[in-house]
Amino acid sequence: MKILVCISHVPDTTSKINFTDDNTKFDSTGVQFVINPNDEFGLTRAMWFKEKQGAQVTVVNVGNADTEPTLRKALAIGADEAIRVNTTATDGFSVAKQLAHVAKEGAYDLVIAGRESIDYNGGMVPGMLAGLTDANFVNNCIGLEVEGTSAKAIREIDGGKETVSTALPLVIGSQKGLVEESDLRIPNMRGIMMARKKPLTIVEPVSSEAETTSVAFEKPAPKGAVTLVSPDNLDELVNLLHNEAKVI
């Protein structure tokens, strides 16, 4: 079985996020980048298929040269080879189109993409990737077994879980729950040394135009922020609190 794992290069959740050019561009200065957590769950499951069923695992990223350390980390975890599509990741559709081209060229049986990246949270790439490759699709996947050309997946739905059976080729949107957090792997020294010798192929992008553009960014309000009450709405606030107290 040939598995393609899509890897997003995202800021570490502990990084301090800032914007430049009147809040229209992300400032990457001093930011530590990591494998997108939803992708990491998928990569760990792919490693299970490699070890138990002899699957061949390739990781792919759409990005510039600065994303290669993240791909090398995926290789150190155990992926066999890596592909970097040499273009800036812009909107979800253009990323999905680049990934779809790689998936078709490699004739992969299973494509694992995180259900969303933690920076833009678009949640659109896996579904569009499945559509562009004419593959079956299971989103919010929290369980996956493959036997031959058939797969059984468990996906999270409102209020519960759903088990579905489908055929390969298959695209899944992976997330927390696909493997246990305790099963996530930290590269050891041997893996890091081996990763240096594994192939990292750079391919040029296919023609694609962005369908959406980020206009501006805005930070959320700081935790514990206090909303000032003006004299104009003080009476309204008192009435609301009084009525709520009656309900309780």
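Predicted model only: the values in this text are computed from it and were never measured.
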Ignoring hydrogens and angles, state whether a donor on the side chain of Asn136 or Thr166 is under 3.5 Å from an acceptor on the partner side chain.
-> yes
With no hydrogens and no angle check, do the side chains of Asp12 and Thr14 hold a donor and an acceptor under 3.5 Å apart?
-> yes
Sub-3.5 Å donor-acceptor pair from the side chain of Asn86 to the main-chain atoms of Glu204, do we have one?
-> no
How many angstroms lie between atom CG of Leu144 and atom CG of Leu178, to the nearest 0.5 angstrom?
-> 6.5 Å
Could you walk me through whether Thr58 and Lys2 pass the side chain to side chain contact (heavy atoms under 4.5 Å, CB included) check?
-> CA-CA 8 Å; Thr58 301; Lys2 294 180 64 178; over 6 Å; no
Gln53 side chain to Val146 backbone, donor-acceptor under 3.5 Å = yes
Between Val31 and Phe26, is any pair of side-chain heavy atoms under 4.5 Å apart?
-> yes
Exercise: identify the closest heavy-atom pair between Ile202 and Glu68 = CD1-OE2, 3.6 Å
Rounded to the nearest 0.5 Å, what's the gap from NE2 on His9 to OG on Ser117? Could you check?
-> 12.0 Å
Check whether any side-chain heavy atom of Leu71 lies under 4.5 Å from a side-chain heavy atom of Val59, and answer yes or no.
-> yes
Take Asn140 and Ile157, measure what side chain to side chain contact (heavy atoms under 4.5 Å, CB included) needs, and give me the verdict at the end.
-> CA-CA 8 Å; Asn140 303 327; Ile157 60 174; over 6 Å; no
Intermediate values then yes/no, salt bridge (Lys or Arg N to Asp or Glu O under 4.0 Å), Glu162 and Arg155 = CA-CA 5 Å; Glu162 180 183 41; Arg155 70 184 188 100; 2.6 Å; yes
So, Lys176 side chain and Pro37 main chain: donor-acceptor pair closer than 3.5 Å or not?
-> no
Judged by atom type as modelled, is there a donor-acceptor pair below 3.5 Å linking the side chain of Lys50 to the main-chain atoms of Val57?
-> no
Sort out for me which residue in Leu129, Val171, Asn61, Asn36 forms a side chain to side chain contact (heavy atoms under 4.5 Å, CB included) with Cys6.
-> Leu129
Do side-chain atoms of Lys161 reach the backbone of Ile154 as a donor and acceptor pair under 3.5 angstrom?
-> no
Trace of the side chain to side chain donor-acceptor pair (under 3.5 Å) decision for Asp91 with Ser94 = CA-CA 6 Å; Asp91 71 327; Ser94 61; 2.6 Å; yes
Please step through side chain to side chain donor-acceptor pair (under 3.5 Å) for the pair Asp27 and Thr29, ending with a clear verdict.
-> CA-CA 6 Å; Asp27 183 7; Thr29 305; 2.8 Å; yes
Step through the shown structure and confirm whether more than 12 heavy atoms of other residues, nucleotides or ligands are within 6.0 Å of CD1 on Ile186.
-> no
Is the side chain of Asn23 donor-acceptor paired with the backbone N or O of Glu218 at a distance under 3.5 Å, no angle test?
-> no
Are any non-hydrogen side-chain atoms of Val203 and Gln98 less than 4.5 angstrom apart?
-> no
Atom CG in Leu75, atom CG in Asp80: separation rounded to 0.5 Å?
-> 8.5 Å
Does NZ or CZ of Arg45 lie under 6.0 Å from the centre of the six-membered ring of Phe41, at an angle within 45° of the ring axis?
-> no
Side-chain donor or acceptor of Lys97 paired with backbone N/O of Ser207 under 3.5 Å | yes
Is there a path of hydrophobic side-chain contacts, each under 4.5 Å between heavy atoms of I, L, V, M, F, W or Y residues, that connects Phe19 with Phe33?
-> yes
Ile172 and Arg115, any side-chain heavy atoms less than 4.5 Å apart | no
Can Leu170 be reached from Trp48 by stepping across I, L, V, M, F, W or Y side chains whose heavy atoms are under 4.5 Å apart?
-> yes
Close side-chain approach of Lys25 and Phe217, heavy atoms under 4.5 Å = no
Are the side chains of Arg84 and Leu200 in touch, meaning some heavy atoms are under 4.5 Å apart?
-> yes
Check Val125 against Gly92 and note the closest heavy-atom contact, atom names and distance.
-> CG2-O, 3.7 Å
Has the side chain of Lys104 got a donor or acceptor atom that lies under 3.5 Å from a matching backbone atom of Leu132?
-> yes
Give a yes or no on this: more than 12 heavy atoms of other residues, nucleotides or ligands lie within 6.0 Å of atom NZ of Lys52.
-> no
Heavy-atom side-chain contact between Ile112 and Leu43 under 4.5 Å | no
Residues Asn38, Ser174; criterion side chain to side chain donor-acceptor pair (under 3.5 Å); working and verdict = CA-CA 6 Å; Asn38 287 319; Ser174 60; over 6 Å; no
Determine, using the 4.5 Å side-chain heavy-atom cutoff (strictly less than), whether Val102 and Val62 are members of one ILVMFWY cluster.
-> yes
Enter the distance from Ile3:CD1 to Phe49:CZ here, rounded to the nearest 0.5 Å.
-> 6.0 Å
Heavy-atom distance under 4.5 Å between the side chains of Asp119 and Pro11, does that happen here?
-> yes
Distance (rounded to the nearest 0.5 Å) between Ile7 CD1 and Ile83 CD1 | 12.0 Å
What do you reckon, is CG of Asp21 surrounded by more than 12 foreign heavy atoms closer than 6.0 Å?
-> yes
Steps toward side chain to side chain contact (heavy atoms under 4.5 Å, CB included) verdict (Glu116, Gln175) = CA-CA 8 Å; Glu116 62 182 359; Gln175 64 173 58; over 6 Å; no
Considering non-hydrogen atoms only, spot the tightest contact between Cys141 and Ala153 and give its length.
-> SG-CB, 4.1 Å
Reference residue Met47; test side chain to side chain contact (heavy atoms under 4.5 Å, CB included); the match among Val179, Ile77, Val5 = Ile77
CE-CZ distance between Met128 and Phe137, expressed to the nearest 0.5 angstrom | 10.0 Å
Where the side chain of Lys73 meets the backbone of Ile35, is there a donor-acceptor pair that is under 3.5 Å apart?
-> no
